[in-house]
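Following: one structure in C-alpha cells, then a few remarks.
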Amino acid sequence: MSGSVCFSYAGYYRQPDPVPEHRHCGTELVYVVRGNCVNSIEGQLHPCRAGDICLIPAEARHAQLENSGDLHTQYVVFNDSGRERKLFPQVIHAAEDRLIRHWFGDITTLFGGNAVSDADLLLELLWRRIRQLAASAVRLHAWHPALVQALRYLNGHYREPVSVRELAGAAGVSATYLNRLFRETFSMSPARCLAEIRMQHARQLLMNRYYQIAQVARLAGYDDPDYFCRRFKEIHGVTPLTYRRYPSRYSDSGESRKHLFVVADQELDSE
C-alpha cells in the first residue's frame with residue numbers, strides 16, 4: 001500500500017431527518033445504500049440515489065437534506081495527500097460495483113470492532129477504486145454521447161454476437177459515423193474495442209483455475225472454444241493455458257497490442 005490515506009472513523013445514518021450543516025478536518029465519502037437524499041456542499045446541491053458516492057473535501061461546509069424515509073447511508077472520514085482535490089465535490093454512481101458496496105460496510109464493521117489498522121488497509125483499496133471511477137466519469141463527460149452509449153452496450157452484451165449495425169442502432173448514429181467516433185477517440189475500431197472487452201474478461205477468468213478453457217471461452221463471449229483459443233493466441237502470442245501459468249509475463253504486452261490491431265476487425269458481425 002502507498003499509505004496515501006489515513007483512516008479516521010466510519011459509521012452509518014438511517015434516519016429521514018436532515019443532517020445539519022457541519023464540516024470535518026478530513027475528506028468524507030458518503031455512500032447511499034438505500035433511498036435518496038440531497039447533499040449540500042458549500043451551497044451547491046448534489047442529488048444522490050442508491051449506489052451514489054458523494055465525495056466531500058476536508059473543511060467543506062456540508063449538510064444532508066431531503067432524506068427519503070428509507071434512507072440508509074454509510075460514511076468514511078479520512079485524511080489524504082490532497083492530490084485528488086480536483087475530483088471534489090463530485091457524485092459518482094457506483095451501484096454496479098459490488099466491491100465498493102461491501103467495502104463501505106466492512107470498514108464500518110472493522111471500525112466498530114476497533115480494528116482500525118485493518119480499516120485503514122481496506123480504505124486504501126476503496127479510495128483507489130473510487131479514484132478510478134472518478135477518472136472514468138470525467139472521461140465519459142468528455143466523450144460523444146453516442147460513444148458512451150456504444151461502450152455501455154458493448155460492456156453489457158460482450159457475451160453475445162454484436163453487429164456493427166446493431167451497435168450503431170444502440171448508439172443512435174450510423175455505422176459509418178460510429179466507426180469514425182471510435183477511431184478519432186480511441187484510434188481503434190468498434191470491433192477492436194469489443195475484442196479488448198472480451199479478452200479482458202477472459203484474462204480475469206483464466207486466473208480462476210477451476211474454470212475449464214471451454215467455460216472461459218463461453219463466459220468471455222465465444223461459443224467455439226477452438227476459435228477462442230486461436231483468437232487468444234493471435235492477440236496475446238500464447239495459448240490460454242500458457243497465459244494461465246505465466247500471467248505476469250504476457251498480460252497486456254506490447255506484442256498483444258500489435259496483434260490486436262491486425263485481427264480485431266473480425267470480432268463484430270458484418271451485418
Side-chain angles (χ1 to χ4, degrees), residues 51 92-100 129-208 211 213-236 240 243 247 250-271:
I92 302 171
H93 191 58
E96 293 79 18
D97 196 310
R98 290 180 293 178
L99 286 177
I100 284 180
R129 198 167 184 89
I130 289 174
R131 293 202 318 265
Q132 292 171 346
L133 282 178
S136 296
V138 170
R139 289 195 298 269
L140 285 176
H141 285 300
W143 291 341
H144 192 288
L147 199 59
V148 174
Q149 286 297 109
L151 289 172
R152 286 175 176 163
Y153 190 85
L154 287 177
N155 276 285
H157 297 80
Y158 68 89
R159 293 183 183 178
E160 309 164 12
V162 180
S163 69
V164 177
R165 182 181 301 174
E166 177 187 352
L167 185 60
V173 295
S174 70
T176 301
Y177 186 61
L178 183 65
N179 189 65
R180 177 178 151 195
L181 285 175
F182 268 87
R183 293 189 181 278
E184 289 180 350
T185 307
F186 306 124
S187 300
M188 68 173 70
S189 68
R192 181 191 169 189
C193 184
L194 178 57
E196 288 272 14
I197 293 170
R198 285 175 168 169
M199 289 302 164
Q200 178 182 354
H201 286 279
R203 293 192 297 269
Q204 292 172 346
L205 291 165
L206 285 169
M207 296 302 95
N208 187 334
Y211 281 128
I213 298 301
Q215 291 175 298
V216 171
R218 185 174 66 257
L219 291 172
Y222 297 92
D223 292 331
D224 185 347
D226 292 334
Y227 176 69
F228 164 71
C229 290
R230 291 197 303 272
R231 294 286 285 114
F232 193 94
K233 187 172 183 180
E234 287 174 337
I235 290 172
H236 297 88
Y243 182 93
Y250 299 108
S251 179
D252 296 321
S253 65
E255 190 67 15
S256 158
R257 300 282 76 85
K258 185 177 104 176
H259 283 289
L260 194 54
F261 273 110
V262 174
V263 301
D265 285 333
Q266 303 168 11
E267 202 70 24
L268 285 173
D269 292 348
S270 58
E271 293 185 0

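All heavy atoms count here, side chains included; hydrogens, waters and symmetry mates do not.
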Could you grab the distance from atom OH of Tyr158 to atom CD of Glu160, nearest 0.5 Å is fine? 10.5 Å
Arg129: salt bridge (charged side-chain N to carboxylate O under 4.0 Å, His left out) partners, not counting sequence neighbours: Asp97
Looking only at heavy atoms, what is the nearest atom pair of Arg231 and Ala195, with distance? NH2-CB, 4.1 Å
Value for CD1 (Ile197) from CG (Leu154), rounded to nearest 0.5 Å, stands at 4.5 Å
Please report the interatomic distance CG(Leu178) to CZ(Arg165), rounded to the nearest 0.5 Å. 13.5 Å
Note: Pro240 and Phe228 closest approach over all heavy atoms is CG-CE2, 3.8 Å
To the closest 0.5 Å, what do you measure between CG (Leu206) and CE (Met199)? 9.5 Å
Shortest non-hydrogen pair, Ala171 vs Ala146, comes out as CB-O, 3.3 Å
Could you check whether atom CZ of Phe186 has more than 12 heavy atoms from other residues, nucleotides or ligands sitting under 6.0 Å from it? yes
Can you establish whether the number of heavy atoms outside Asp224 located under 6.0 Å from its atom CG is more than 12? yes
Just do the side-chain contact (heavy atoms from CB on, under 4.5 Å) check on Trp143 and Leu181 with the steps written out, would you? CA-CA 9 Å; Trp143 291 341; Leu181 285 175; over 6 Å; no
Chi angles and distances behind the side-chain contact (heavy atoms from CB on, under 4.5 Å) call for Glu166, Tyr153: CA-CA 10 Å; Glu166 177 187 352; Tyr153 190 85; 2.3 Å; yes
Check Gln204, Glu196, Arg198 against Gln200 for a side chain to side chain contact (heavy atoms under 4.5 Å, CB included) and give me the one that passes. Gln204
If every non-hydrogen atom of Leu167 is compared with every non-hydrogen atom of Ala150, which pair is closest and at what distance? CD1-O, 3.6 Å
Should the pair His144 and Tyr177 be assigned to parallel (<30°), tilted (30 to 60°) or perpendicular (>60°) ring geometry? perpendicular
May I ask you to decide if Leu151's main-chain N or O and Asn155's side chain share a donor-acceptor pair within less than 3.5 Å? yes
State, yes or no, whether a side-chain contact exists between Cys229 and Ile213 at a heavy-atom distance under 4.5 Å. yes
Nearest 0.5 Å, please: how far is CG in Leu133 from CD1 in Ile100? 4.5 Å
Drop me the distance from Tyr227's OH to Glu234's CD, to the nearest 0.5 angstrom. 7.0 Å
Parallel, tilted or perpendicular: which one describes the rings of Tyr243 and Phe232, with boundaries at 30° and 60°? perpendicular
List the steps and the verdict of side-chain contact (heavy atoms from CB on, under 4.5 Å) for Ile130 and Ile92. CA-CA 8 Å; Ile130 289 174; Ile92 302 171; 4.1 Å; yes
